[in-house]
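As structure tokens, the structure follows; a few thoughts come after it.
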Amino acid sequence: MIPTTSLLTSSPIVLAKHRLISKPLRPTISIFCGASSGKSPIHLEAARALAFTLHKHRIKLVYGGGTSGLMGEIARTLVSLSGPTAVHGIIPAPLLRYKQRMDKADVPNENIYGRTTIVKDMHSRKRLMVDAVVSGGPGSGFIALPGGYGTLEELMEVVTWNQLGIHNRGIVVLNVEGYWNGLIKWIATGIDAGFVNEKNQKIITEAADGEAAIDALKKYQACEGRFNLQWTDTEV
């Protein structure tokens with residue numbers, strides 16, 4: 001049986017409000033990115049460079065727990081620089097079992113990839129990742145590197161959660177070789193068509209490199225168009 005850790009049982013916002021802080025918290029950034037490396041070597045280079053930037057600013061990483069592609073590259077690099085405690089991978093059990101069949105591998109080596117938490121499903125994974133970011137120090141947030149369907153889905157969920165007031169952390173797309181140009185254009189199209197509130201256009205910020213991404217998260221200001229709903233754990 002695959003070992004698991006305790007899962008999140010209440011909302012990220014509620015947990016963050018009640019967390020006892022004894023010393024300044026380091027920022028935590030959740031990175032969404034591909035389990036593939038992409039065709040251009042610049043994608044791996046960007047992942048590696050971002051890891052060096054996280055190390056420079058003493059930022060912790062929470063990510064999807066993969067060991068291949070951009071995921072594996074950024075985790076390995078940051079562990080080699082900052083040590084295993086700087087990286088936390090969160091992976092659903094079915095994905096881990098798939099990786100074990102494909103790669104004949106066990107749970108990722110903590111000394112190479114940092115701590116790994118195994119959860120039952122995708123939703124549990126995303127809730128834990130959001131909780132880590134919300135509970136982190138100033139400058140915590142989300143960064144999306146290039147990736148596929150899963151990367152886009154994770155990115156847009158935290159965008160939606162920001163709009164709904166579930167969290168108030170910044171979100172940045174690292175636009176390597178113009179990878180996110182289509183998304184930036186889609187937001188503009190949504191505004192023109194009346195489906196995206198113009199006041200929420202800057203929920204997603206674009207950055208050209210890691211330093212710019214970190215700076216954008218530090219300077220993030222909540223958009224005026226957010227719903228600011230009150231979210232609790234009590235059922236109606």
Is [Y] close to [X] at the side-chain level, that is, under 4.5 Å between some pair of heavy atoms?
| X | Y | value |
| --- | --- | --- |
| H167 | V133 | no |
| V196 | Q201 | no |
| V107 | L96 | yes |

Please enumerate all residues that pass side-chain hydrogen bond (donor to acceptor under 3.5 Å, both in side chains) together with R58, with sequence neighbours excluded.
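Here no residue qualifies.
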Between [atom1] of [X] and [atom2] of [Y], what distance do you get to the nearest 0.5 Å?
| X | Y | atom1 | atom2 | result |
| --- | --- | --- | --- | --- |
| T53 | L174 | OG1 | CG | 9.0 Å |
| N168 | I166 | CG | CD1 | 12.0 Å |
| E177 | H43 | CD | NE2 | 5.0 Å |
| M129 | I90 | CE | CD1 | 6.0 Å |
| L50 | H55 | CG | NE2 | 13.5 Å |

Treating D121 as the side-chain partner and P92 as the backbone partner, does any N or O pair qualify as donor plus acceptor under 3.5 Å?
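Checking the backbone N and O of P92 against the side chain of D121, no donor-acceptor pair under 3.5 Å is found.
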May I ask you to decide if N162's main-chain N or O and R226's side chain share a donor-acceptor pair within less than 3.5 Å?
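Checked: pair present.
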Where do R169 and V130 land on the side chain to side chain contact (heavy atoms under 4.5 Å, CB included) test, with the steps shown first?
CA-CA 9 Å; R169 296 298 194 178; V130 170; over 6 Å; no
Taking all non-hydrogen atoms of both residues into account, name the closest pair between [X] and [Y] and its distance.
| X | Y | value |
| --- | --- | --- |
| A86 | L78 | O-CD2, 4.0 Å |
| Y113 | G72 | CE2-O, 4.0 Å |
| N109 | N111 | OD1-N, 2.8 Å |
| G225 | K199 | N-CB, 3.6 Å |
| L70 | A47 | O-CB, 4.1 Å |
| P27 | G139 | CB-C, 4.1 Å |

Test applied, side-chain contact (heavy atoms from CB on, under 4.5 Å); reference residue, K185; option that passes from N181, T189, I187
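Running side-chain contact (heavy atoms from CB on, under 4.5 Å) over N181, T189, I187 with K185 returns exactly one hit, T189.
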Has Q163 got more than 12 heavy atoms of other residues, nucleotides or ligands less than 6.0 Å from its CD?
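Yes, because the 6.0 Å sphere around CD of Q163 holds more than 12 heavy atoms from other groups.
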Going only through I, L, V, M, F, W and Y residues with side-chain contacts under 4.5 Å, is there a path from M156 to L164?
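Yes.
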Are L54 and V172 grouped together when hydrophobic residues (ILVMFWY) are joined by side-chain heavy atoms under 4.5 angstrom apart?
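They do share one cluster, since a chain of ILVMFWY contacts under 4.5 Å joins L54 to V172.
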Between side-chain atoms of residues 208-215 and protein atoms elsewhere (two or more places apart, or another chain), which donor-acceptor pairs fall under 3.5 Å?
residue : atom : partner : partner atom : Å
D209    : OD1  : E211    : N            : 3.3
D209    : OD1  : A212    : N            : 2.8
E211    : OE1  : H57     : NE2          : 3.1
E211    : OE2  : K56     : NZ           : 3.0
E211    : OE2  : H57     : NE2          : 3.4
D215    : OD2  : K219    : NZ           : 3.1

Solution key, residues 141-153 side-chain donor-acceptor pairs under 3.5 Å, sequence neighbours excluded:
residue : atom : partner : partner atom : Å
T151    : OG1  : C33     : O            : 3.3
E153    : OE1  : K126    : NZ           : 3.3
E153    : OE2  : K126    : NZ           : 2.6

